[in-house]
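Everything numeric here is computed off the predicted structure, so don't read it as measured data.
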Amino acid sequence: MERSRVARRQDSTTNKRKKTGKQPKTKSKKPMWKRIFLLGLMLFIAAVIAFGAYTVYAIATAPELDEEKLVDTYPIQLISAEGEPLEGAGQIREYVSIDDISEVMQQAVVSIEDRRFYEHNGIDLRRIGGAVVANLTDGFGAEGGSTITQQLVKQSFLSTDKKLKRKLQEQWLALKLEREYTKEQILEMYLNKNYYGSGGYGVQTASKRYFNKPVSEVNYQEAAILAGLPQRPSAYDPINGDQELTRYRQEQVLSAMKRDGHISEEQYNEALDVAIADVISPGEETEEEAFTRAIYSRVQAELEEDYGLEQSDIYGTGLKVYTSINKELHTKFNSDIKSDNVNIPGGSFPADELRMGATVLNTKTGEIVAIIDSQQAKQGDKSYRDYSNEKRQIGSTAKPIFDYGPGIENGQWSTGKILLDAPLEGSYKPNNYYQEYRGQNTMRYFLTISGNTPAVRAFQEVRDEFGQGAIESFAKNLGVEPMYAGEEVLEANALGAAEASTTQMAAAYAAFGTNGMYTKPHLIQKIEFNDGSSINSPIKAKQAMEDYTAYMLTDMLRDVVSGANGTYEPGAFPWDVAGKTGTTNDEQDKWFTGYTTDYSISVWTGKVSGASETANKPNYAQYYFEYMMQQVTNATGQPDRFQRPDSVLSLGNELYVKGTKPKDLQPEKLVAPTGARVNYDEEAQTGSVSWSYDFDGAQADGYTDVTFTVTQKSADGSEQVVGTTGETSVNIANLAEGDTTFTIVANATNPLTGEQQSAPAQASYSIEPKEEPKEEEENPSDEENSEDEPSDENNGNGNENGNGNGDGNGNGEDTTGEQTPDEPATDEGSGEGTDEPTDGDDSGTPLEGQSNGESSDTNRGNGNSNNGNN
């Protein structure tokens, strides 16, 4: 039955609905940027909530404002190695009311530190952005980001860490401080809390220290210096720091004052026309302040350079610094030396003509035990120079660093390496401090006597074979910077043109005593913050050279102190000590740097302007070294001996690197005589044997004391020694009939292998037996002719042989073959020498045939630069 139309329509409608219901809904997708925006917005809201919560936490945990802490200072506390305070180090402050601080002083501080100080409520948002611009346009330090109020809060209550929490607390407390105190009170507390250098806290202390007047009387020139100091007290210090840096900072302050209308353009220019030294007029320091002044200055530098602390983290935060200073020894050395309580030549140090500086440090750790300065600040002194830390030309103390050390390190030279002492060629032609030249000898010998020309040749050999970088890196690894001409390392470095301080030299030589381990010299063992946290010294030892290099240098430097030819004057120690003397042209500077396994000490003495020529002639540096080395040893016990490492082997008196056979240990065979000949008069039965010899060749191979042994062998086989001579001929007599053979051998001494003998040279002479007369009658004329006719076998040479010597041989005067100049050597840098030795015992037995005259230390020319001689 056919379904009705209505039924069919209902079915169709139902099917359509079912089909439509099964199809998925189509939804429009949001753009990617909207998704990113929404995600970012959510993260931002979360961050704001988190930051807000963290801010609330920071504020809730912020310390309370404490007026006592606002007023009090918290200076750096220096502690000795024994745990005792070093008094006089940064403990000085005189509090002053704002009413007694000159208006120009207040203006200078506000202009450079916080120009809107009287306008903001503790935080200056404009200043934060403006500080960035100012530092870019006007130079670093032109303007800081923190307000005076914030700086006061930080110094009084907060730790030095860089965490967000501390910065939030600083801003909160600054706002709170501004509500509870007036601007004048805040500025007063700030000016009395700051550190101003030279161990002084507070603007009143600084004014009296630098200008010898109260801060109420300072003018704008002086105020500009004081206002600039808190940013970098050690660098801008007008007495102990660099006065060029002081001027740079003063100019920044004056510029800010001019900008704010506190001074005129004319006043600004007038201020800059006056030198810093003419502005300051220092007050006199106490003895205790003088003894600790250098320590304090170095501690400041180490905190910045080695620990990475900023000025605001160092000063006024109660930082406790544990130093390596031995308080008792440091005080004793400074007191004894400044009061002439030391056994030195003449009994007293000529303080009006010379200055002295010294450093004592621990050989193993590089920690400074004591620093000594011959001077004490007096009223009106315009600058302070820590002579123990001031760089000077180092003279012949450079030779292990620039000449022999690089040779051993790169060429594995033995201590017996043969070097030549003779006039130099090229543009750099220094002479020796002794007048003659001593020919060929070992590196050990020339380092011991401090010869100049062999040292320059050693420098040149290393440079030519291994490149100047070999010398450069060796010196820099020991903390010594070479002198350059452009990019070229000057040859004058070989004799001490480079400059270094006693602290640098003590550390460099300490590396010789520790198998090549170098440690940067330092004072600080540990620092401790006011919250109890601490940081140990970050300085670590590094391998600066091979252990064989260090020990070979040490072994040779032992001979300088205790050897017969050593230049150390006071005499050997009863324990193991090594060291080196040093003198520059005209005796401007004199050095001695020496060490044991426990301590390394470097001493410098130098002339002031206008000093007499002979002011520095006595070896004060050596006697000061002797005094200090005895004192530290008496205090701490006798040191161990230097121990030879396994990498070094000994051959006779010399050392060489294990596993090598350096050429200098294999000398050429001793050259043999040549041209042997016999000159004999049979009728007189006398004559001579002569020969030629290359004395110069033997000397070039390192041989000395050449003699000749002549042996005679007769026809019957018997032998006898005719003689031993230093000449090139020997007399003979009564030769027997038949062939006689003469054998000549040369004998000489080599410093490496001892006595040596050459190959032989030979010459023969034959005498024919005389025939007996026959009994038979003979023609007389035939007999006569037979007797008068010479034999073809007669080997006589008549006058053609002579003695074969010429003018170069057989003169009996030069037995070593060394050449002696016709005139004494002169010093291009320091004038002619004298006959009086000046640098230690350099009058040891000279080589045979050489002049034994003593010579002056002043004859140590160095060509075109002031550098070393002995």
| field | Asn219 side chain to Gln221 backbone, donor-acceptor under 3.5 Å | value | yes
| Is a side-chain donor or acceptor of Thr147 paired with a backbone partner of Gly122 at a separation under 3.5 angstrom? | yes
| task | May I ask you to test the Val215-Asp100 pair for a side-chain heavy-atom distance under 4.5 Å? | result | no
| note | Shortest non-hydrogen pair, Arg392 vs Tyr387, comes out as NH2-CE2, 4.0 Å
| More than 12 non-hydrogen atoms from neighbouring residues, nucleotides or ligands closer than 6.0 Å to CD on Glu103, yes or no? | no
| message | Just so I know, are the side chains of Lys193 and Gln151 near enough to count as touching, which here means a heavy-atom distance under 4.5 Å? | response | no
| said: Any side-chain to backbone donor/acceptor pair from Glu217 onto Pro214? Under 3.5 Å, distance only. | reply: no
| task | Decide yes or no for Val253 and Tyr220: does some side-chain heavy atom of the first lie under 4.5 Å from some side-chain heavy atom of the second? | result | no
| Does Gln250 use its side chain to pair, donor to acceptor, with the backbone of Ile225 at less than 3.5 Å? | no
| said: I'd like to know if the side chain of Glu302 and the backbone of Ile524 have a donor-acceptor N/O pair within less than 3.5 Å. | reply: yes
| So Arg298 and Ile368, side-chain contact (heavy atoms from CB on, under 4.5 Å) or not? Walk me through it. | CA-CA 11 Å; Arg298 294 201 195 192; Ile368 298 172; 3.5 Å; yes
| Do Asp373 and Arg355 meet the salt-bridge criterion of a basic N to acidic O distance under 4.0 Å? | no
| query | For atom CD of Glu244, is the number of surrounding heavy atoms from other residues, nucleotides or ligands below 6.0 Å larger than 12? | reply | no
| said: Run Glu222 and Met105 through side-chain contact (heavy atoms from CB on, under 4.5 Å) and show every step you take. | reply: CA-CA 8 Å; Glu222 298 161 341; Met105 182 70 231; over 6 Å; no
| request: Would you please classify the geometry between the Tyr248 ring and the Tyr236 ring as parallel, tilted or perpendicular, with 30° and 60° separating the classes? | output: tilted
| Given side chains that start at C-beta, do those of Tyr181 and Lys176 come closer than 4.5 Å, heavy atoms only? | no
| Backbone N/O of Pro85 and side chain of Lys327: donor-acceptor pair under 3.5 Å | yes
| query | What are the two closest heavy atoms between Ala206 and Tyr196, and how far apart are they? | reply | CB-CB, 3.4 Å
| Nearest 0.5 Å, what's the CD1-CG distance between Ile101 and Leu191? | 4.5 Å
| Under 3.5 Å, side chain of Thr363 to main-chain N/O of Ser600, donor-acceptor pair present? | yes
| task | Please answer whether the main-chain N or O of Asn326 pairs with a side-chain N or O of Ser80 as donor and acceptor at a distance below 3.5 Å. | result | no
| Heavy-atom count around Lys183 NZ within 6.0 Å, excluding the residue itself: above 12? | yes
| said: Can a donor-acceptor pair be found, under 3.5 Å and without considering hydrogens, that links the side chain of Ser111 to the backbone of Gln107? | reply: yes
| query | Should Asp336 and Tyr624 be marked as a side-chain contact (heavy atoms from CB on, under 4.5 Å) after you check the CA-CA gap, both sets of side-chain angles, and the distance that decides it? | reply | CA-CA 10 Å; Asp336 285 353; Tyr624 281 134; over 6 Å; no
| query | Would a 4.5 Å heavy-atom cut-off, applied to side chains only, mark Asn194 and Val109 as touching? | reply | no
| Taking side chain as C-beta onward, heavy atoms only, is Arg247 less than 4.5 Å from Leu272? | yes
| said: Please check if the number of heavy atoms outside Tyr118 that lie under 6.0 Å from its OH is greater than 12. | reply: yes
| request: Evaluate side-chain contact (heavy atoms from CB on, under 4.5 Å) for Phe349 paired with Val342, printing each intermediate quantity in order. | output: CA-CA 9 Å; Phe349 187 71; Val342 180; over 6 Å; no
| field | Residue Glu328 excluded, over 12 heavy atoms near CD under 6.0 Å | value | no
| field | Sub-4.5 Å side-chain heavy-atom contact between Ser207 and Leu226 | value | yes
| said: Closer than 3.5 angstrom, by distance alone: can the side chain of Gln231 be matched with the main-chain N or O of Gly228 as a donor-acceptor pair? | reply: no
| message | On a heavy-atom basis, which atom in Ile123 and which in Gln150 lie closest, and how many Å separate them? | response | CA-OE1, 4.3 Å
| Nearest heavy-atom pair of Leu478 and Ala508: which atoms, and what distance? | O-CB, 3.5 Å
| query | Which pair of heavy atoms, one from Glu188 and one from Val96, lies closest together, and at what distance? | reply | CG-O, 3.8 Å
| Residue pair Asp124 / Phe117, side-chain heavy-atom distance below 4.5 Å | no
| field | Result of checking Glu266, Gln267, Glu265 against Asn269 for side-chain contact (heavy atoms from CB on, under 4.5 Å) | value | Glu265
| said: Quick check: closest heavy atoms across Ile371 and Ala294, and the distance to 0.1 Å? | reply: CD1-CB, 3.6 Å
